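Below is one structure; the comments refer to it alone.
Just so it is clear, the model here is predicted, and its values are computed rather than measured. Labels below follow one simple rule: chain letters A, B, ... track the order of the sequence lines, proteins then strands, and each chain is numbered from 1.
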Amino acid sequence: MDDRTHTADAEPGERVTVAGWVHEVRDLGGIAFLILRDRTGKIQVKFATDEMDDELVDAGTNASRESVLSVTGTVEEEPRAPTGVEVVPESVELLAPAEPELPLDPSGKVDADLSTRLDNRTLDVRAGESKAIFEIRAEILRAVREYFRSVGCTEINTPKIVATGTEGGTELFPLTYFGQEAFMNQSPQLFKQLMVGSGLERVFEVGPIFRAEEHNTPRHLNEATMIDFESAFIDHNEAMDVCEGTLLAAYEAVAENCQEQLEVLGYGDSFAVPDAGFPRLTYEEAIERINATGELEEQLLWGDDLPTEGEKALGADVGGHYFITDWPSEIKPFYIQDRDDDPQLSKGFDLMHPEMELVSGGQREHRYDALVEGFEQQGLDPEAFEYYTKMFKYGMPPHAGWAYGVERLVMTMLGLGNIREAVLFPRDRQRLSP
RNA sequence: GCCCGGGUGGUGUAGUGGCCCAUCAUACGACCCUGUCACGGUCGUGACGCGGGUUCAAAUCCCGCCUCGGGCGCCA
C-alpha cells in the first residue's frame with residue numbers, strides 16, 4: 001500500500017493503486033463498473049468483462065458492497081465516467097471482505113433510524129451526511145483553535161477526575177479513586193480560572209465534561225465537549241467580543257473550507273455566516289420580550305430562569321444569535337461577579353442561538369473575600385474548595401471567560417434535529433455502548 | 001422522572017380484528033444485458049420487540065416488561 005493514490009488525485013495517464021471501499025458495482029453485461037470510495041471521493045473502475053482475465057473480473061465484480069479493495073491499473077480520461085476519469089485495472093486485491101448483508105446502507109439510498117446508525121457508527125460515517133458532519137466538526141475546532149491562538153491564548157488541559165463535589169447545579173458521576181471518593185468533572189471552570197492567575201493569563205481548553213443529569217432531550221448529553229475560554233484583564237463585555245469572534249471564525253471557516261460537505265448536507269449556497277454585532281439583551285429585556293410574545297401560558301417573573309419554551313419564543317422574536325446579560329445573581333453560580341451598581345444583578349451572560357443556549361460565561365469574582373462569601377451564600381463549603389480559593393490570595397487578576405457546548409454549536413450550525421448526530425459515540429441516559 | 005407516539009424481512013416502510021402463510025422500496029441470491037452514474041429487466045430469499053390475556057379468529061384489542069423517538073422537567 002506504499003504507492004496508494006487517493007481517488008481524487010488520480011490523473012489520466014498515471015499508473016496508480018487506489019484502495020478503498022466498494023461503494024457499488026454496476027454490472028451491465030459485457031462491461032461492468034466498480035465504484036471505489038475513499039476519504040477523498042469516488043473513482044470508477046472499468047471491467048471489460050469479455051476482454052479481461054476472468055479472475056480479475058470476478059475479483060472486481062463479485063466483491064460485496066463495503067468490502068475493502070486495492071486496485072492497481074492505469075487511469076484513463078473518459079468523459080462518460082462520473083469524475084471524467086476511470087481506472088482500467090491490472091490487478092485487484094481484496095484487503096477485507098464485507099458480509100453481504102449490511103446493518104445499514106452507507107450509500108444513503110435507504111434511511112436508517114438514528115439508533116441503528118449509532119449502533120453501527122463505523123458504517124454510518126463511511127459516507128454521506130454523517131461523514132460530512134464530522135469533517136465540519138473538525139473544521140470548527142481547527143478554526144476555533146486558530147482564532148484563540150490569534151488572540152494570544154494558550155491551550156491547556158485540566159483534570160477530568162476531581163476530588164471536590166459539585167461546584168453547583170448539576171449531578172456528578174461518582175467514582176472510586178484508589179479508595180477515595182472522586183467525581184468526573186462537570187466543567188474545567190475552576191481549573192481554567194486558576195490558570196488565568198498563572199503566567200499564562202489567557203487560556204482555552206477543548207475537552208469533555210460529564211454530567212449525571214437524567215435528562216432525555218434531543219439537546220442534552222451526559223458526556224459533552226466544551227470549548228472553554230478564560231482570560232485575565234478583561235471584563236464580561238470583552239469576553240462577549242471574543243465569544244462572538246470565535247463563533248464567526250467557526251462559521252467563516254466552514255463556509256470557506258467545507259463547501260463539499262455543506263453540499264452533502266443540503267446547504268449548497270444557502271449556508272449563511274451570521275452578521276457580526278450580536279444583540280445584547282439584558283435579562284430584564286429578555287423576560288419582557290418573552291412575555292410580550294404571548295407564547296407562554298404564564299407570564300415570567302423577575303428571578304425566573306428561562307424555560308425552554310421561553311427561549312424558543314425569544315429566539316424566534318430576535319431571529320439570530322444574541323446575548324442575554326445582567327442575569328439575577330441568585331440564578332448564576334458563585335464564581336460570577338455581581339454588578340458594582342446593583343448586587344442583585346450579575347456580570348454573567350449567555351450566548352443564545354434562536355433554538356437553544358450555546359454559551360454561558362461572565363466576569364468572575366476575583367476578590368478573595370467576595371468569593372468566599374459567595375460560596376457561603378450558595379450553601380457551599382469554602383473549605384472543600386480551598387485548593388481553588390487559596391490561589392485568590394496570591395494575586396488573582398480580574399478575569400472573565402465562557403464555555404461553548406461543541407455539540408450544540410455543530411447542531412445549530414448545521415440544523416441537526418438531534419444532538420446525537422453531532423457526537424461520534426454519544427453518551428445519554430440509555431446509551432453507554434458503543 | 002412525567003406526558004404523548006412508535007417497535008413488522010438486513011435496512012426503511014404499508015397494514016387498526018377474518019380480505020395477511022403480510023405491501024412497497026432497498027438489500028441479498030440466480031440469470032440476462034457493452035457506458036452505467038440511485039443502471040435496467042426476469043425470477044427467487046427474507047419480518048409482525050418479549051411475556052401473558054381477550055376472541056371462533058390477533059401484526060391489529062387489553063395488561064406487564066423491554067426498547068426507540070418527540071414534548072416537558074431536571075440541567076449552563
Nearest-nucleotide pick for [X], side chain only, options being [options]:
| X | options | value |
| --- | --- | --- |
| A:L114 | B:rG69, B:rC75, B:rG35 | B:rG69 |
| A:P82 | B:rG12, B:rG35, B:rU36 | B:rU36 |
| A:F33 | B:rA76, B:rG35, B:rC74 | B:rG35 |
| A:T308 | B:rU11, B:rC72, B:rU13 | B:rC72 |
| A:T170 | B:rC74, B:rA76, B:rU26 | B:rA76 |
| A:E214 | B:rU34, B:rG1, B:rU11 | B:rG1 |
| A:A81 | B:rC33, B:rG12, B:rG35 | B:rG35 |
| A:T116 | B:rC75, B:rU34, B:rU11 | B:rU11 |

Review point. Got A:H220 and A:M356 here, is their nearest side-chain heavy-atom distance under 4.5 Å?
Key: no
Practice item. Return yes if the base of B:rA27 and the side-chain atoms of A:K109 contain a donor-acceptor N/O pair under 3.5 Å, otherwise no. Key: no
Check your understanding: Do A:H220 and B:rC75 have a side chain to base donor-acceptor pair shorter than 3.5 Å?
Key -> yes
Separation between the [atom1] atoms of [N] and [M], rounded to whole Å:
| N | M | atom1 | result |
| --- | --- | --- | --- |
| B:rG49 | B:rA22 | P | 16 Å |
| B:rC48 | B:rC37 | P | 36 Å |
| B:rU42 | B:rC33 | P | 16 Å |
| B:rG46 | B:rC4 | P | 40 Å |
| B:rA58 | B:rC68 | C1' | 24 Å |

Review point. Counting only heavy atoms not in A:K42, do more than 12 fall under 6.0 Å of its NZ?
Key: no
Check your understanding: Would you say A:Q344 has more than 12 foreign heavy atoms packed within less than 6.0 Å of its CD?
Key -> no
Check your understanding: Is the NZ or CZ atom of A:R364 both under 6.0 Å from the centre of the six-membered ring of A:Y335 and within 45° of that ring's axis?
Key -> no
Can you tell me the Watson-Crick or wobble partner of [N], both distances under 3.5 angstrom?
| N | value |
| --- | --- |
| B:rC56 | B:rG18 |
| B:rG5 | B:rC68 |
| B:rC28 | B:rG44 |

**Study point:** A:K46/A:E78 ion pair, N-O < 4.0 Å
**Key:** no
Check your understanding: Any salt bridge between A:E205 and A:K160, counting N to O under 4.0 Å?
Key -> yes
Which part of the nucleic acid, if any, lies within contact of [X], taking any heavy atom under 4.0 Å across all strands shown: a base, the sugar-phosphate backbone alone, or nothing?
| X | answer |
| --- | --- |
| A:N216 | base |
| A:K42 | nothing |
| A:T217 | base |
| A:W402 | nothing |
| A:A48 | nothing |
| A:Q44 | base |
| A:E51 | base |
| A:R80 | base |
| A:D113 | sugar-phosphate |
| A:R219 | sugar-phosphate |

**Study point:** Of A:D105 and A:R429, the one whose closest RNA chain B nucleotide lies more 5'
**Key:** A:R429
Exercise for review: Map A:E86 and A:L104 onto RNA chain B by nearest heavy atom, then report which one ends up closer to the 5' terminus.
Suggested key: A:L104
Check your understanding: Does the side chain to side chain contact (heavy atoms under 4.5 Å, CB included) test come out yes or no for A:N222 and A:F173, once each step is laid out?
Key -> CA-CA 10 Å; A:N222 293 293; A:F173 289 108; 4.0 Å; yes
